[in-house]
J.: 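Please read through the structure below; I'll follow up with questions.
Chain letters run A, B, ... following the sequence lines, proteins first, then strands; residues in each count from 1.
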Number of protein chains: 2
Amino acid sequence: MKLSTKGRYAVMAMADLAGNSTSHPVTLSEIALRQGLPVQYLEQLFLKLRRQGLIKSTRGQAGGYVLAQHAKNIKISTIMAAVDEPIQVTRCTPNSEYGCQGRPEQCVTHNLWEGLALHILAYLNQISLEDLSNQPVRKCGKLKPMRGKSL
Amino acid sequence: MKLSTKGRYAVMAMADLAGNSTSHPVTLSEIALRQGLPVQYLEQLFLKLRRQGLIKSTRGQAGGYVLAQHAKNIKISTIMAAVDEPIQVTRCTPNSEYGCQGRPEQCVTHNLWEGLALHILAYLNQISLEDLSNQPVRKCGKLKPMRGKSL
DNA sequence: ACATTTTCTGACTAATTTAGTCAAGATTAA
DNA sequence: TTAATCTTGACTAAATTAGTCAGAAAATGT
């Protein structure tokens, strides 16, 4: 059960954008530098984010990217979906070679995985970019779970 | 965010074992047949499950595998861990090339991913093999979320 | 007009992971 | 002994990941 860099980088970059693009557009190289990510990989991701209407771009000098919506309204789940990071815990399609092709007795675990996927989605859908910015800065590695809307 | 077949197959096979090994050991080929999984792949998985003390094996004729503990006490999270299916949503190690190497300001998303991992683990840790067996049989594809301890 | 900065886009690729297969041995029961 | 079964490591084809490369297009400053 892994999260690929695609999803992780996208959220990192969007969080950066949320915090820094308030007055003027932010360039990819700025973000790449601040977050320590490869620029040319970000280009790919931002293309998708723009096509999904999450960000707006300005070309040329003094250009860059800005959020297309208020940070409060952009959910983590939306970002993940935009860069093709699906929450995929079952391969129970009608045509799959293995799995429960219409054989309900083989499907004991199906509900388990479906439930897990719903669980994850609900979690990511409840947290917005704004929530990320508002949390207290904390050293990496020394993690204590938060109360309430636990990040 | 994907679940690999390793974790999925392991849970499927263990659930099968829980339901069928009450009176006598169950062979891998039986499980493979019932669940529609490749035998030789299951061998690999069962090796790990045995080494982690989740199942017991008997060799020779009439041999096979049995649960080493009561189904009630075997949590899904334990099975996943046993076959090396870690819940990995961050790569925030001290030596990673990208990520937040001691730079706390770059770590806005860290708590998010840690929280997600905890969330997933809690979910998988709350469900036992017995829970899987006790749920009502239901056609694959027609899924309605359950109440209470939602599978 | 021109140079510079920036986004935009598709094609390509090396490394890793996944999802197995293959082959040979060890152990036990009949 | 023979057949069934687990045990184990080595191997591999295919897919995915995580990028890189190259160049076009657009906007801006001089």
Side-chain angles (χ1 to χ4, degrees), chain A residues 1-13 17 21 24-33 35-52 54-66 68 80 83-86 88-89 91 96-99, chain B residues 1-13 17 21 24-33 35-52 54-68 80 83-86 88-91 96-99:
Chain A
M1 189 106 229
K2 276 191 208 161
L3 179 68
S4 72
T5 55
K6 231 185 330 187
R8 241 171 13 94
Y9 289 3
V11 175
M12 286 173 75
L17 209 54
S21 71
H24 56 81
V26 171
T27 68
L28 282 190
S29 33
E30 277 182 71
I31 298 178
L33 188 64
Q35 303 296 328
L37 304 175
V39 192
Q40 288 165 315
Y41 195 35
L42 282 182
E43 287 179 354
Q44 281 184 39
L45 301 180
F46 273 60
L47 182 61
K48 292 179 181 172
L49 292 170
R50 186 175 59 82
R51 286 184 176 157
Q52 297 294 321
L54 294 181
I55 54 180
K56 281 184 296 190
S57 64
T58 323
R59 290 186 180 190
Q61 276 187 334
Y65 293 93
V66 190
M80 303 277 278
V83 295
D84 301 319
E85 174 86 53
Q88 191 176 11
V89 293
R91 304 199 188 164
S96 68
E97 184 178 2
Y98 298 130
Chain B
M1 189 106 230
K2 275 190 208 162
L3 179 67
S4 72
T5 56
K6 231 185 331 188
R8 241 168 16 90
Y9 288 4
V11 174
M12 287 173 76
L17 208 55
S21 71
H24 56 81
V26 171
T27 67
L28 281 189
S29 34
E30 276 182 71
I31 298 178
L33 188 64
Q35 303 295 329
L37 305 175
V39 192
Q40 290 166 314
Y41 196 34
L42 282 183
E43 288 179 352
Q44 282 184 39
L45 301 180
F46 273 60
L47 181 61
K48 292 179 180 171
L49 292 170
R50 186 175 59 83
R51 287 186 175 155
Q52 296 294 321
L54 294 181
I55 54 180
K56 281 185 295 192
S57 64
T58 322
R59 291 186 178 189
Q61 274 188 334
Y65 293 94
V66 190
L67 292 187
M80 302 277 277
V83 294
D84 302 319
E85 174 86 53
Q88 191 178 11
V89 293
T90 172
R91 303 197 188 164
S96 70
E97 184 178 1
Y98 298 128

J.: Take the protein atom CG of A/L42 and the nucleotide atom P of C/dC8, then report the distance between them rounded to whole Å.
T.: 13 Å
J.: Closest approach of A/A62 and A/P25, non-hydrogen atoms and distance?
T.: O-CG, 3.9 Å
J.: It should be established whether A/R8 places a side-chain nitrogen or oxygen under 4.0 Å from OP1 or OP2 of nucleotide D/dT17.
T.: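 No, A/R8 has no side-chain N/O under 4.0 Å of OP1/OP2 on D/dT17.
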J.: If each of A/T5 and A/Q61 is mapped to the nucleotide of DNA chain D with the nearest heavy atom, which maps nearer the 5' terminus, i.e. the 5' end?
T.: A/T5
J.: When you compare the side chain of B/Y9 with that of B/V83, does any pair of heavy atoms fall below 4.5 Å?
T.: no
J.: Any side-chain N or O of A/S57 less than 4.0 Å from the OP1 or OP2 oxygen of C/dT6?
T.: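 Negative; the distance criterion is not met.
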J.: At under 4.0 Å between heavy atoms, what does A/K2 touch on the DNA or RNA strands: base, sugar-phosphate, or nothing?
T.: sugar-phosphate
J.: Would you mind reading off the distance between A/L33 atom CG and C/dT6 atom P, rounded to a whole angstrom?
T.: 13 Å
J.: So what does A/S29 hit on the nucleic acid, given a heavy-atom distance under 4.0 Å: a base, only sugar-phosphate, or nothing?
T.: nothing
J.: Could you say whether B/A62 or B/V39 is positioned toward the 5' end of DNA chain C, judged by the nucleotide with the nearest heavy atom to each?
T.: B/V39
J.: Any heavy-atom pair between the side chains of B/R8 and B/T5 that's under 4.5 Å?
T.: yes
J.: Just the rounded figure in Å: distance from C1' of C/dA23 to CD of B/E43.
T.: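 In whole Å, C/dA23 C1' lies 11 Å from B/E43 CD.
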J.: Please report, rounded to the nearest Å, how far the C1' atom of C/dA11 is from the CG atom of A/L47.
T.: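 In whole Å, C/dA11 C1' lies 14 Å from A/L47 CG.
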J.: Give the rounded distance in Å between these two atoms: NE2 of B/H24 and P of C/dA29.
T.: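 To the nearest whole Å, that distance equals 16 Å.
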J.: Can you check the A/Q44 CD to D/dT20 P distance for me, whole Å?
T.: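 Computing the A/Q44:CD to D/dT20:P distance gives 10 Å.
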J.: Examine D/dT5: is either OP1 or OP2 under 4.0 Å from a nitrogen or oxygen in the side chain of B/Y65? Give yes or no.
T.: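 Answer is no, no contact under 4.0 Å.
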J.: Nearest 0.5 Å please: distance from the CE atom of A/M1 over to the CE atom of B/M1.
T.: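 Between atom CE of A/M1 and atom CE of B/M1 there are 4.0 Å.
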J.: Roughly, in whole Å, what's the span from CD in A/E30 to P in C/dT5?
T.: 14 Å
J.: Look at the side-chain N and O atoms of A/R59 and state whether any lies under 4.0 Å from the OP1 or OP2 oxygen of D/dT28.
T.: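 Looking at the OP1 and OP2 atoms of D/dT28, neither is under 4.0 Å from any side-chain N or O of A/R59.
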J.: For residues B/Y65 and B/L42, determine if any side-chain heavy atom of one lies less than 4.5 Å from a side-chain heavy atom of the other.
T.: no
J.: Take atom CD of A/Q40 and atom C1' of D/dG19, then tell me their distance rounded to the nearest Å.
T.: 9 Å
J.: Tell me what A/K48 touches on the nucleic acid: a base, only sugar-phosphate, or nothing, going by heavy atoms under 4.0 Å.
T.: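 The residue A/K48 makes no contact with any strand.
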J.: Check the phosphate of C/dT9 against A/R51, side-chain N and O only, distance under 4.0 Å to OP1 or OP2. Yes or no?
T.: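 Yes, A/R51 has a side-chain N/O under 4.0 Å of OP1/OP2 on C/dT9.
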